Amino acid sequence: MITFLSLLACAPEVTTRTLTDEGSVCVDDGGIVVTFPDCLSSSCDTLLSAECSATLVDGVLEVHAEAVIESQGNECTTDCGLVQATCELPLVEDPETVSLSYAGDTVPLDEACAI
């Protein structure tokens with residue numbers, strides 16, 4: 001039993017962080033891509049989930065995104081893995097009349113990579 005307890009005392013702490021409606025958003029032919037402002041270390045971080053949703057409401061495409069990251073350890077490599085979420089672009093009949101709203105900013109849909 002002493003061996004088991006000593007192993008628990010040395011185990012690195014695991015932390016979980018959630019990023020909600022952070023980073024930048026781009027719209028392309030493949031849909032909507034949200035890039036979160038975080039880097040993942042391949043030796044310490046695990047992306048548990050990355051999701052986004054887009055809803056068209058009264059001419060405004062409202063995008064919401066969330067990523068959940070688990071980190072373990074203090075001695076991490078400095079590599080930087082992007083954290084991204086993709087979602088489907090709802091049918092937009094006239095893109096010139098639609099705005100995109102994300103993380104408190106609103107821009108014309110054709111300028112979506114600006115936020």
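Quick caveat: nothing in here was measured; it's all calculated off a predicted structure.
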(request) Show your working on side-chain contact (heavy atoms from CB on, under 4.5 Å) between C76 and S43 and close with a plain yes or no. (result) CA-CA 6 Å; C76 303; S43 62; 4.0 Å; yes
(request) Using the side-chain contact (heavy atoms from CB on, under 4.5 Å) rule, take C44 and Q72 through it: C-alpha gap first, then chi angles, then the decisive distance, then the call. (result) CA-CA 5 Å; C44 293; Q72 182 174 355; 5.9 Å; no
(request) Under the side-chain contact (heavy atoms from CB on, under 4.5 Å) rule, what do V83 and T35 come out as? Steps first, then yes or no, please. (result) CA-CA 6 Å; V83 180; T35 302; over 6 Å; no
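Take L109 and apply the side chain to side chain contact (heavy atoms under 4.5 Å, CB included) test, not counting sequence neighbours, and it matches V27, L61, V92, P95, V98, L100. Every side-chain hydrogen bond (donor to acceptor under 3.5 Å, both in side chains) that D79 has, sequence neighbours left out, goes to S42, T77.
Nearest approach of S101 to V60, heavy atoms of both residues: CB-CG1, 3.7 Å. Taking both residues in full, the closest heavy atoms of V34 and E22 are given as CG1-O, 4.0 Å, listed atom of the first, atom of the second, then distance.
Looking only at side-chain heavy atoms (C-beta outward), H64 and C52 stay at 4.5 Å or farther from each other. Under the 4.5 Å side-chain criterion, counting only non-hydrogen atoms from C-beta, I69 is not in contact with T16. Residues D94 and T97 form a side-chain contact, since some pair of their non-hydrogen atoms from C-beta on lies under 4.5 Å apart.
Atoms SG and CD, on C87 and E51 in that order, are 10.0 Å from each other to the nearest 0.5 Å. The line from CD of E62 to CG of D21 is 10.5 Å long, rounded to the nearest 0.5 Å.
No donor-acceptor contact under 3.5 angstrom links the side chains of T46 and E70, judged on distance only.
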